[in-house]
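Accompanying notes for the structure given below.
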There are 2 protein chains.
Amino acid sequence: MTASTAQGRDPASLRRHNLRALLRHLHLRGPTSRVGLGQVTGLTRSAIADLVGELTERGLVLESGSSQQQPGRTGRGRPPLIVSLRDERAYVLAIAVDVDTVRIGRVGLGGNVLEEMATQHEHVPGDPTPGLEQLARLVRELVTTTEAPPIAVGVAVPGLVRDEDGVVTRAPNLGWHELALGQRLRELAEITAPVVVGNEARLAALAEHRRGAGRDRTDLVYVSAGVGVGAGIVAHDQLLTGNTGYAGEIGHMITNPGGRTCHCGARGCWETEIGADALLRRIGVVEPADRQSELERLFERAEQGEAEALDAFRQLCTPVATGLANMINIFDPGLVLLGGLLRPLLRYAEGELRYNLERIRGLPELPVELGSARLGEQGHLLGAAEAAVSSFLASFE
Amino acid sequence: MTASTAQGRDPASLRRHNLRALLRHLHLRGPTSRVGLGQVTGLTRSAIADLVGELTERGLVLESGSSQQQPGRTGRGRPPLIVSLRDERAYVLAIAVDVDTVRIGRVGLGGNVLEEMATQHEHVPGDPTPGLEQLARLVRELVTTTEAPPIAVGVAVPGLVRDEDGVVTRAPNLGWHELALGQRLRELAEITAPVVVGNEARLAALAEHRRGAGRDRTDLVYVSAGVGVGAGIVAHDQLLTGNTGYAGEIGHMITNPGGRTCHCGARGCWETEIGADALLRRIGVVEPADRQSELERLFERAEQGEAEALDAFRQLCTPVATGLANMINIFDPGLVLLGGLLRPLLRYAEGELRYNLERIRGLPELPVELGSARLGEQGHLLGAAEAAVSSFLASFE
DNA sequence: TATTATTTGTAAGAGGTAAAAACAAAATGA
DNA sequence: TCATTTTGTTTTTACCTCTTACAAATAATA
């Protein structure tokens, strides 16, 4: 039925499975003693020794010998060998594309950001080629100085990404349409590694789940507001993709049928209720010429405690709470993380938001925590890295 | 990190995995030739022979020899042995509890309903004991005539069920509250098999996924309206449970903040907009004395083409479409199945509903099918059976 | 400082699982 | 009847991990 259950398992795939389990654990939990690996996987010391031996030979991991004493360690007995991932040899490239900036980073399999750059996005509306060529240049730049090519590449994009082939179906802010981003980047930058493309909100959710505020959670919802509203949902430790890959496109969830008409044609979409423009409307700014700077001014005013600015955030709490309550009722996520504009909103109107959420939500017995996304600006980049790592692990032989 | 990936896999668990894969395939796809099993699992004939041999010895499967020719078969070559599940020996009990009826059935591991009963629910509001004792009697009645005890028991309940311990947190229509239904039923009916309890809408979604309109789908959303509104979501071939088990409680999703006040305290919950009472209000019936018979009269009038009755359904289409559009945007399910009151709605106002849905949904590129749940009344029972089978397979050694 | 207890690493052999290969059986079609 | 095709069976082989026994490295203790 599912691919994983239907696949027959021979002894060789058993070993693959165990090797992957070790890599995954090292990736998520960091350096671990051999014994620790044994406890987690249920394998014996001899099996672990054999498996770690293979990973060492393949250059993926390092064992720091007992010679250098581990500092925090206590108790007697022979000190264990610590297994850790060799970030410098096994790393992914992560790219976060946005309207005016492009971030790119080298991220070790162990999760360390080894190198990071951010530059202006040379982006020509309607023509993706210049932007792609810039990306390819950046990739080559980062790769040439390293001893090994990346094991995978991940790209976060503000738009719809079709899961099945990684094509960017639509990215209105970039003017992209049906763009085979991954494939073209592979060609232009001459990469042999797989290139994974994903929606930025989905990837940010993934990053929060693995490295941010959602560690040790099996379920969470990440919601980020900007011009539009995006989300990523993690359920059963898995990022929800839906049938096409568009799961989480909650900007057009209708929370107020009597509200304003959205550009999509419907009335009362959540993003018309809580998006950047809705926030700016509250301080009297309609159709801003430079949205970004208007927002920054608003943040500054709020930071200085100016009543009108704080009021703008407070007024947004009801519609924000409405949508969040819906997500909570639908998913029972246990944890809701806020990103983008919702972070300052939580900062300046936390009480108001929590009050409204409690008032609205239908199921008081459903426990839920509300918090800020921890990774902030880096979420997209780290999410792209995580997606790349997942892709690598999935194809690891 | 997840239970399945973090567990180490020794050779024994490899075999368990393969045995389960065979059982699961037979359960979902029905009798299969050995060769067919090999193609699905990727195992060789010799391995299949060995595994099937073990299952045969354990009484779970039967091989129908080549002696009795298979009818539809063509082509030359030695005719294969067909492996099928022994329903009479390996069966589950499924129970669907509702306010005034209780259904109970014996369902073979292969999916055949071997025996089924429906009786009046001897249900005393506030006191679950008489109802439980009735259930226990029914269980014993069904079990005594069989050669073997059930391998698992599943119960579908109209209420909130906590996933972690199977306790019914709240079932307002039954007057239950924090009831350890599974545990008490095991004691009263003296069952040794595991008893799984689940919300009826979630289980109906599971049944549609495995045996109904959602076969061969990896993602679907099932929505059913009655007095309240419930849903079940299948994503990546898995039933979504959420953190507590309450995922899918969409009755209190707010789709119209300007709407009527719900009993939960909020305004414009979906169930106040599209529930049974909302439907009855459209034909002027407010606070019905006997809701069920009023509904049945409405269905009859609609079936005879009476304009007022049809209008009631048509008027409901906008709020129904609003909520469905939200679910579609959030999940990208590919398939939406309607149950309960939404089935007659689809019958009497299909055009209206589809038109509204197309008008509202924000992402036209997101493909989605809309249809009726196929299993209808039996959905809850079959869902309970499926949950029981899953539980059996999960613990199969 | 020597001893003991504890924990970890290593090596050899055993057991179990599935693959591969060779052979046997049961059907079709010429 | 005989070749062909497909499937089942048996034997051998290869692989993976476990078990067991032993060695190594440290802390606590005498």
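Within every chain, numbering begins at 1; the chains are lettered A, B, ... in the order of the sequence lines, protein sequences first and strands thereafter. Side chains are part of it too, since the values below use all heavy atoms of this structure and drop only hydrogens, waters and symmetry mates. Quick caveat: nothing in here was measured; it's all calculated off a predicted structure.
The base of D:dT9 has none of its N or O atoms less than 3.5 Å from a complementary donor or acceptor on the side chain of B:Ser46. Contact of A:Arg45 with C:dG9 (side chain to base): a donor-acceptor pair of N or O atoms is detected under 3.5 Å.
A donor atom on one side chain and an acceptor atom on the other are not found under 3.5 Å apart for A:Asn243 and B:Asp332. Side chains of B:His27 and B:Glu386: a donor-acceptor N/O pair is present below 3.5 angstrom, by distance only. In this model, a donor atom of one side chain and an acceptor atom of the other lie less than 3.5 Å apart for A:Arg210 and A:Ser390.
Relative to the side chain of B:Pro11, the nucleotides D:dT17, C:dA26, C:dA18 differ in distance, and D:dT17 lies closest. Considering only side-chain atoms of A:Val35, the nucleotide from D:dT17, C:dG9, D:dT9 that sits closest is C:dG9. Relative to the side chain of A:Arg78, the nucleotides D:dT4, D:dA24, D:dT7 differ in distance, and D:dA24 lies closest. Side-chain proximity of B:Arg76 to D:dT5, D:dT7, C:dA18: nearest is D:dT5.
We find that CZ of A:Arg34 is positioned 14 Å from C1' of C:dT7, with the value rounded to whole Å. If you measure from atom CD1 of B:Ile48 to atom C1' of C:dA20, you get 15 Å, rounded to the nearest angstrom. Between the CZ atom of A:Arg16 and the C1' atom of D:dC15 there is a distance of 13 Å, given to the nearest Å. Rounded to an integer number of Å, the gap from CZ of B:Arg15 to C1' of C:dG16 is 9 Å. Atom CD1 of B:Ile82 and atom C1' of D:dT6 are 13 Å apart (whole Å). To the nearest angstrom, P of C:dG16 lies 12 Å from CD of B:Glu54. Atom pair B:Asp10:CG and C:dA14:P shows a separation of 20 Å (rounding to whole Å applied). Distance, B:Leu81 CG to C:dA27 P: 11 Å, rounded to whole Å.
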- [ ] Could you walk me through whether B:Val143 and B:Leu93 pass the side chain to side chain contact (heavy atoms under 4.5 Å, CB included) test, one step at a time?
- [x] CA-CA 9 Å; B:Val143 169; B:Leu93 286 187; 3.7 Å; yes
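Closest non-hydrogen pair, B:Ala152 versus B:Phe392, comes out as CB-CB, 4.3 Å.
Between B:Asn18 and C:dA18, a side-chain N or O to OP1/OP2 separation shorter than 4.0 Å is present. For A:Thr44 and D:dC18, the shortest distance from a side-chain N or O to OP1 or OP2 is below 4.0 Å.
Both B:Leu51 and A:Gln39 lie close to DNA chain C; mapped to their nearest nucleotides by heavy-atom distance, the more 5′-ward contact belongs to A:Gln39.
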